[in-house]
Amino acid sequence: MLEKIAHSLTRNPKRVMAAAMALLMVCLAGAAATRINYDILTYLPPDLDSSQGEKLLEEPFHMAATTMLIVEEMPPEYTNQLCKDIQEVPGVSSALWISSAAGIQIPKDFLPAELRDMFFSGDATMLIVQYENPGASEETMAAIDEVRHLCNQKCFLAGFSVVIKDTKDLVDQELPLYVGLAVLLSLLVMAATMESWLLPVAFLLSIGMAILYNFGTNIFLGQISYITQAIAAVLQLGVTMDYSIFLYHRYEEERHNYDDNRDAMAVAIQAAFTSLSSSSLTTVAGFVALCFMRLLLGRDIGIVMAKGVVIGVATVVLVLPSILLLLDGPIRRHTHRVFMPDLSKANRFVIRHNKAFVVLFLIAFAPALYGQNHAGIYYKLDEALPQDMPSIVATNKLKEEFNMASSHFVVMGDDLPHDQVMKMLDEIEQVEGIESVVAFDKLVSNAIPDFFIPQDILDICKRDGMQIMMINSAYETASDAVGRQVEELDGILKSYDPEAKMTGEAVLTKDLIDIADVDFQVTNYISIAAIFIIILLTFRSLSVPLLLVAAIELAICINQGVPYFTGTVIPFVAPTVIGCVQLGATVDYAILMTTRFREELQKGKARQEAILAAANAADSSIITSALVLFCATLGVGLISKIEIISSICIMLARGSFISALCILFLLPALLVTFEPLISKTSLRWRAPLSGEHMTPEGENKPPEGEREPTLAVSQGKENQTHEEQ
């Protein structure tokens with residue numbers, strides 16, 4: 001079946017390209033129709049009280065998003081009119097100011113102290129603006145734009161929804177730069193390490209199509225996060241480039257065996273499909289492990305990227321052969337000398353001092369693990385954004401002028417007697433760090449029946465047997481102080497109404513912190529276990545998976561420990577993503593070298609000679625692969641102003657580099673040192689490829705009349721070969 005498909009593909013390259021382009025048009029429409037979610041907090045598990053409270057703010061209150069508008073040095077008439085204009089904006093459910101509870105003709109000093117302190121601070125006053133749709137919805141984004149247009153330069157709009165809006169604008173502005181820079185840097189690396197100037201163009205064309213296919217099929221998910229959107233393209237480029245290189249190298253090998261290049265390509269397709277299907281499993285496993293995060297952002301990234309790897313393999317097998325056949329002539333005409341470092345001397349040094357490098361490997365774990373466990377992590381999402389963004393400037397003003405660092409929202413039943421509500425509010429106001437409480441029972445006297453209160457005021461606070469309150473805190477989101485405060489407030493609320501739900505950015509972020517710590521451990525264990533099993537089945541060995549996973553885990557620990565030693569604080573999601581992705585994407589380097597090592601042993605070579613040959617053969621592939629992943633992600637990390645995206649990409653770039661170093665300089669020492677143990681714990685580890693030259697014990701030995709070449713002899717032969725070349 002596969003042979004027939006390969007034959008058909010190679011006989012009709014133009015038709016294949018026409019079909020691929022037609023599918024591309026469909027996927028472009030799908031990509032355009034896929035919604036991008038800019039609110040990470042919506043990825044919290046739906047069973048949490050904070051998530052359920054957020055849903056209640058959406059329905060029935062239509063107040064899922066709340067912003068605070070600070071107006072400085074303007075007369076009350078301006079603010080009152082602005083409040084009325086904002087209420088008319090489509091998507092705004094309410095705008096609350098002092099005029100909602102008292103007339104603007106009342107002097108500020110005559111107002112009750114609670115109202116005055118809530119809405120005024122020096123020459124500044126504050127409006128509370130609430131929206132009908134969730135904070136990250138297109139309707140709310142448009143409403144925020146309209147509210148900003150109504151304001152003058154003395155107005156500052158703050159709140160998490162406004163931060164989301166500014167984040168969206170910044171990502172939309174930067175995304176083309178991410179992709180463009182990743183393509184440019186990858187093109188330069190491949191042009192230097194490959195023999196043809198046009199070959200990288202062919203590879204990038206194929207991978208570009210695979211990326212668009214992946215983005216187009218995201219429409220079946222309904223939406224993806226902005227983090228996924230920002231890193232998926234460059235990450236797919238970095239981790240799937242190997243597949244294109246493998247197919248081309250196999251094509252080059254087969255081309256000398258056939259008169260017709262199409263026949264050579266058909267054989268290469270069959271070989272590529274078999275090899276890539278198995279080798280891509282480790283990368284897919286790394287991404288799938290992210291799906292086990294309770295934070296649904298992991299599932300978002302994991303599904304998109306696992307799907308991207310599968311689509312990448314399919315595109316290499318089905319589309320790239322046609323591209324290579326159509327460009328075969330130009331590719332061969334535009335060749336040049338390859339710029340690749342010769343590591344043969346370094347390989348001989350490592351093998352000669354293999355025990356010292358094993359000791360270095362073991363010692364390196366101590367500082368790496370310490371740094372990993374003590375690296376600073378932040379959870380406050382606005383720390384990941386440029387501090388000169390309008391929303392961040394407004395948020396800082398809110399903290400400085402009104403001492404409001406965060407706001408909590410409470411949804412509870414409205415059947416609690418007035419005296420009990422007031423008692424509860426008194427307890428809440430006594431909690432350390434609470435600045436003010438906005439509640440119906442505080443704004444309206446209990447002597448006034450509900451039917452005398454204007455409906456628009458009543459709808460703000462009470463609907464469908466429930467009421468909402470806003471509690472303003474002086475503590476910043478994601479701080480230990482606000483975490484303790486939230487727990488104390490929740491205890492008070494539950495004592496009066498066991499069904500009460502508390503939500504808001506600080507409450508949601510506290511849940512995020514609790515979940516992220518568990519997610520990191522769970523996903524790491526799952527990714528390690530999955531990849532361990534894949535390697536175990538691939539090599540039919542118990543010891544090989546231990547060595548290979550240990551080598552990559554050392555690289556991961558070093559990578560995640562670097563921020564501690566450099567005094568850098570990283571976003572909460574970075575360690576979990578890096579732990580799974582770096583393991584899945586770079587363990588292939590170790591598999592490549594180990595596979596070649598086994599092949600050399602099966603040819604009858606001594607273990608030192610075999611590992612030297614394997615290292616020399618694998619170096620160029622590992623370097624090229626690592627450089628492509630390094631360049632694809634480094635550019636994004638350097639130019640992105642969004643710290644979450646920048647940190648993830650810089651860590652991925654650094655991780656690919658560290659993994660390559662560990663495989664190039666530590667894994668050969670591990671393999672050659674522990675080869676006797678590997679032989680005893682693996683099935684047919686040294687079994688000859690041809691079945692010849694077997695000792696009674698099952699080990700390879702040279703033909704009669706020959707003796708095993710020593711490392712010095714093999715080194716001399718290699719040096720002679722290099723001189724002849």
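Nothing here was measured: the structure is a model prediction, and the numbers come from that model.
- Once rounded to the nearest 0.5 Å, the distance linking CG of D300 with CG of L221 reads 7.0 Å.
- T228 places no side-chain N or O within donor-acceptor distance of the main-chain N or O of I224, the cut-off being under 3.5 Å.
- A donor-acceptor contact under 3.5 angstrom links the side chains of S625 and D242, judged on distance only.
- At distances below 3.5 Å, not a single donor-acceptor pair connects side-chain atoms of T509 with backbone N or O atoms of L512.
- Put simply, the side chain of S527 never gets that close to the backbone of C580: no donor and acceptor are under 3.5 Å apart.
- Residue M209 holds its CE atom at 5.5 Å from CE of M21, rounded to the nearest 0.5 Å.
- Of the N and O atoms on the side chains of D172 and Y38, at least one donor lies less than 3.5 Å from an acceptor on the other residue.
- Taking the charged nitrogens against the carboxylate oxygens, K380 and E505 have no contact shorter than 4.0 Å, which rules out a salt bridge.
- Closest of all the heavy-atom pairs between A271 and F246 is O-CE2, 4.1 Å.
- The shortest distance between side-chain heavy atoms of I36 and Q223 does not fall below 4.5 Å.
- Of the possible polar contacts, none joining the T594 side chain to the I591 backbone as a donor-acceptor pair under 3.5 Å is found.
- With no hydrogens or angles considered, no side-chain donor-acceptor pair links S656 and Q582 at under 3.5 Å.
- Side chain of S51 to backbone of P46: no donor-acceptor contact under 3.5 angstrom is found.
- When all heavy atoms of F292 and T523 are compared, the pair lying nearest together is C-CG2, 4.4 Å.
- Taking CD1 of I164 as the start and CE of M141 as the end, the distance is 5.5 Å to the nearest 0.5 Å.
- With hydrogens and angles ignored, the 3.5 Å screen pairs a side-chain donor or acceptor of T283 with a backbone N or O of G584.
- Interatomic distance, CE of M190 versus CG of L204, reported as 3.5 Å (0.5 Å rounding).
- Considering only residues two or more places apart in sequence or on other chains, E3 meets the side chain to side chain contact (heavy atoms under 4.5 Å, CB included) condition with Q270.
- Looking at heavy atoms from C-beta onward, Y226 lies in side-chain contact with I40 at the 4.5 angstrom threshold.
- For D328 and R255, the salt-bridge test fails: no basic side-chain N is under 4.0 Å from an acidic carboxylate O.
- The one candidate from V581, I528, V549, L583 that meets the side chain to side chain contact (heavy atoms under 4.5 Å, CB included) condition with I556 is L583.
- In summary, the side chains of S646 and S640 do not present any donor paired with an acceptor at a separation below 3.5 Å, with no hydrogens or angles considered.
- A 4.5 Å side-chain heavy-atom check between L652 and I648 finds at least one atom pair inside the cut-off.
- The line from CG of N133 to OH of Y131 is 11.5 Å long, rounded to the nearest 0.5 Å.
- The closest donor-acceptor contact from the side chain of T503 to the backbone of S50 lies under 3.5 Å.
- Judged purely by atom type and a 3.5 angstrom limit, N214 uses its side chain to pair as donor or acceptor with the backbone of V304.
- Using a 4.5 Å heavy-atom threshold, the side chains of L297 and I301 count as touching.
- A donor-acceptor contact closer than 3.5 angstrom links the side chains of E643 and S647.
- Here the shortest heavy-atom pairing between N37 and A136 reads OD1-CB, 3.7 Å.
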Salt bridge (charged side-chain N to carboxylate O under 4.0 Å, His left out) between D39 and K168, intermediate numbers included = CA-CA 10 Å; D39 186 356; K168 175 183 182 300; over 6 Å; no
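- For the pair L57/P134, no side-chain contact is recorded, criterion being any heavy-atom separation below 4.5 Å from C-beta on.
- Looking at residues two or more places apart in sequence or on another chain, you find a salt bridge (charged side-chain N to carboxylate O under 4.0 Å, His left out) between R148 and D166.
- Residues A306 and F287 approach most closely at N-CB, 3.8 Å, considering heavy atoms.
- No side-chain donor-acceptor contact under 3.5 Å links S275 to the backbone of A272.
- Y258 places no side-chain N or O within 3.5 Å of a backbone atom of V267 that could act as its donor or acceptor partner.
- A268 approaches L247 most closely through the heavy-atom pair O-CD1, 3.7 Å.
- The closest side-chain heavy-atom distance from I231 to V636 is not below 4.5 Å.
- D47 and R294 are joined by a salt bridge, as a carboxylate oxygen and a charged side-chain nitrogen come within less than 4.0 angstrom of each other.
- Heavy atoms only, all atoms of each residue included: I534 and L281 are closest at CD1-O, 3.6 Å.
- Taking the six-membered ring for Trp and thresholds of 30 and 60 degrees, F657 and F630 have ring planes inclined between 30 and 60 degrees apart.
- Remark: L295 CG to D519 CG distance equals 6.0 Å, nearest 0.5 Å.
- Looking at residues two or more places apart in sequence or on another chain, you find no ring-ring contact (aromatic ring centres under 6.0 Å, His included) involving Y178.
- Other residues, nucleotides and ligands place no more than 12 heavy atoms under 6.0 Å from the CZ atom of F273.
- E59 has no carboxylate O lying under 4.0 Å from a charged side-chain N of K55, or vice versa, which leaves the two without a salt bridge.
- Using a 4.5 Å heavy-atom threshold, the side chains of L634 and R654 count as separate.
- Residues F203 and M241 meet the side-chain proximity criterion, which asks for heavy atoms closer than 4.5 Å.
- Residues T315 and Y243 have side chains that never bring a donor and an acceptor to within less than 3.5 angstrom of each other.
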